Amino acid sequence: ATTIRNTFDGIEIAFVPSYGAESFKVEKKIGSGEFAELFTVNAADIEGAQYSIVDKDVSAEGVYTYSVQAFSTELNSVRRELPSITRLSNTTLTDWKNNQKGVEISWNAVNNATEYIIYRKSEGSADFAEIATVKALKYVDTTARSGYEYIYSVAAKNSSGHGDYATNEKTITFLNTPIIKSVATINEGIKTDWYQVNGATSYNVYRKSATEDWKKVASNVEGTSFVNLEKDIEHGVEYSYTVEATDGVYVSAKDSVGKQ
């Protein structure tokens, strides 16, 4: 049996050596061009029940056809032409951010892809691990832990295999969305308290009313409370407050509803 498939590094051709053959020649055709020899391997050099090699000299969306032929001193086999295969393009990550459920990543569509494989590398890990396969162009990693750094990549997939990692792997530190404990009126103004977020070094505080959208009223607040001073408050107006966490580089999502 002979198989071809898309892999990270290129297109893999694999075959089971036929009994009695002394060598095998693999040829390659690009598009509607002519076949040309890709490589020849001696049967004596093949270890195991199957031989495989990856053709790395391929281009995104290129169409390739391969053939395999066995040779011996007594008889040469008929050249077997395999079905054509299209090389899958790499994805490109277009957005990456923290949301209220986890780390959200997005990427571009790839021609001929039916699914996408999501890969993640945790802080201190050398290799990517596959964490999901989806049909959409967006994924939320709900298993990310607050305060931990992750690297994400995506590969296009179809029935012929999968393409290489994304052209732009992205690093992000996940930060939980701060949960507000209380919003209370005190002598000095309105005080907002929230729970500490693991990995955060400071917080940004936002305020809105029925007539205005979220407005940042404080940046890089150290600690877990903030007082919106009376002089900055319009009396008789009800305000809602929300908070986002930051580690100085990345920011969490903020609760879009907030707390009054």
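It should be emphasised that the depicted structure is a prediction, and the values quoted were computed from it without experimental measurement.
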Report task. May I ask you to check whether T65 and S84 show a side-chain donor-acceptor distance below 3.5 Å? Result -> yes
**Report entry** 4.5 Å side-chain heavy-atom contact, V243 and I179
**Finding:** no
Query raised in the report: Knowing that exactly one of R207, E188, K191 qualifies, which makes a side chain to side chain donor-acceptor pair (under 3.5 Å) with N228?
Result: R207
Query raised in the report: Any side-chain heavy atom of V221 within less than 4.5 Å of one from S202?
Result: no
Query raised in the report: Is there a donor-acceptor pair closer than 3.5 Å between any side-chain N or O of D193 and the backbone N or O of S182?
Result: no
Query raised in the report: Are I131 and V154 connected, step by step, through hydrophobic side chains (Ile, Leu, Val, Met, Phe, Trp, Tyr) whose heavy atoms are closer than 4.5 Å?
Result: yes
Query raised in the report: Passes side chain to side chain donor-acceptor pair (under 3.5 Å), T167 versus T92? Steps please.
Result: CA-CA 5 Å; T167 57; T92 299; 3.1 Å; yes
Report task. I would like to know whether N220 and Y203 meet side chain to side chain donor-acceptor pair (under 3.5 Å); could you show each step before the answer? Result -> CA-CA 5 Å; N220 301 319; Y203 302 86; over 6 Å; no
Query - All side-chain hydrogen bond (donor to acceptor under 3.5 Å, both in side chains) counterparts of D141, not counting sequence neighbours - result: R120, T143, Y152
Query raised in the report: Will you find, in the side chains of S160 and N158, an N or O donor that is under 3.5 Å from an N or O acceptor?
Result: yes
**Report entry** Pairwise side-chain contact, I105 with D95, heavy-atom cut-off 4.5 Å (strictly under)
**Finding:** no
Query raised in the report: Of the non-hydrogen atoms in D127 and K121, which two are nearest, and what is the gap between them?
Result: O-CG, 3.6 Å
Query raised in the report: Is it true that atom CD of E47 has more than 12 heavy atoms of other residues, nucleotides or ligands lying nearer than 6.0 Å?
Result: no
**Report entry** Verify same cluster id: Y139, I117 (apolar side-chain graph, 4.5 Å)
**Finding:** no
Query raised in the report: Should I11 and L82 be regarded as members of a common hydrophobic cluster, given that ILVMFWY residues are connected when their side-chain heavy atoms come within less than 4.5 Å of each other, either directly or indirectly?
Result: yes
Report summary line: Between W194 and G223 the two heavy atoms that sit nearest each other are CZ2-O, 3.5 Å
Query - Pair Y206-E244, side chain to side chain donor-acceptor pair (under 3.5 Å): steps then yes or no - result: CA-CA 8 Å; Y206 293 79; E244 66 184 10; 2.8 Å; yes
Query raised in the report: Should F15 and R80 be marked as a side chain to side chain contact (heavy atoms under 4.5 Å, CB included) after you check the CA-CA gap, both sets of side-chain angles, and the distance that decides it?
Result: CA-CA 11 Å; F15 60 90; R80 182 185 178 191; over 6 Å; no
**Report entry** Student check: side-chain heavy atoms of Y116 and V110 closer than 4.5 Å
**Finding:** yes
Query - Check against side chain to side chain contact (heavy atoms under 4.5 Å, CB included), V103 and V140 - result: CA-CA 5 Å; V103 176; V140 178; over 6 Å; no
Query raised in the report: Any side-chain heavy-atom pair from V68 and K25 closer than 4.5 angstrom?
Result: no
Query raised in the report: Aromatic rings F128 and Y119: how do their planes relate, parallel, tilted or perpendicular, breaks at 30° and 60°?
Result: perpendicular
Requested in this report: Using a strict 4.0 Å threshold on nitrogen-to-oxygen distance, state whether R87 and E61 make a salt bridge.
Outcome: no
Report task. Report whether V237 and F226 are members of the same hydrophobic cluster (ILVMFWY, side-chain heavy atoms less than 4.5 Å apart, transitive linking). Result -> yes
Report task. Compute whether any side-chain donor of one residue and acceptor of the other, for T73 and E22, lie under 3.5 angstrom apart. Result -> yes
Query raised in the report: Under a 4.5 Å cut-off applied to non-hydrogen side-chain atoms, are F174 and N198 in contact?
Result: no
Query raised in the report: Salt-bridged, K29 to E27, with N to O below 4.0 Å?
Result: no
Requested in this report: Without swapping roles, check the side chain of N90 against the backbone of Y165 for a donor-acceptor pair under 3.5 Å.
Outcome: yes
**Report entry** Ion pair check, D55 and K28, cut-off under 4.0 Å
**Finding:** yes
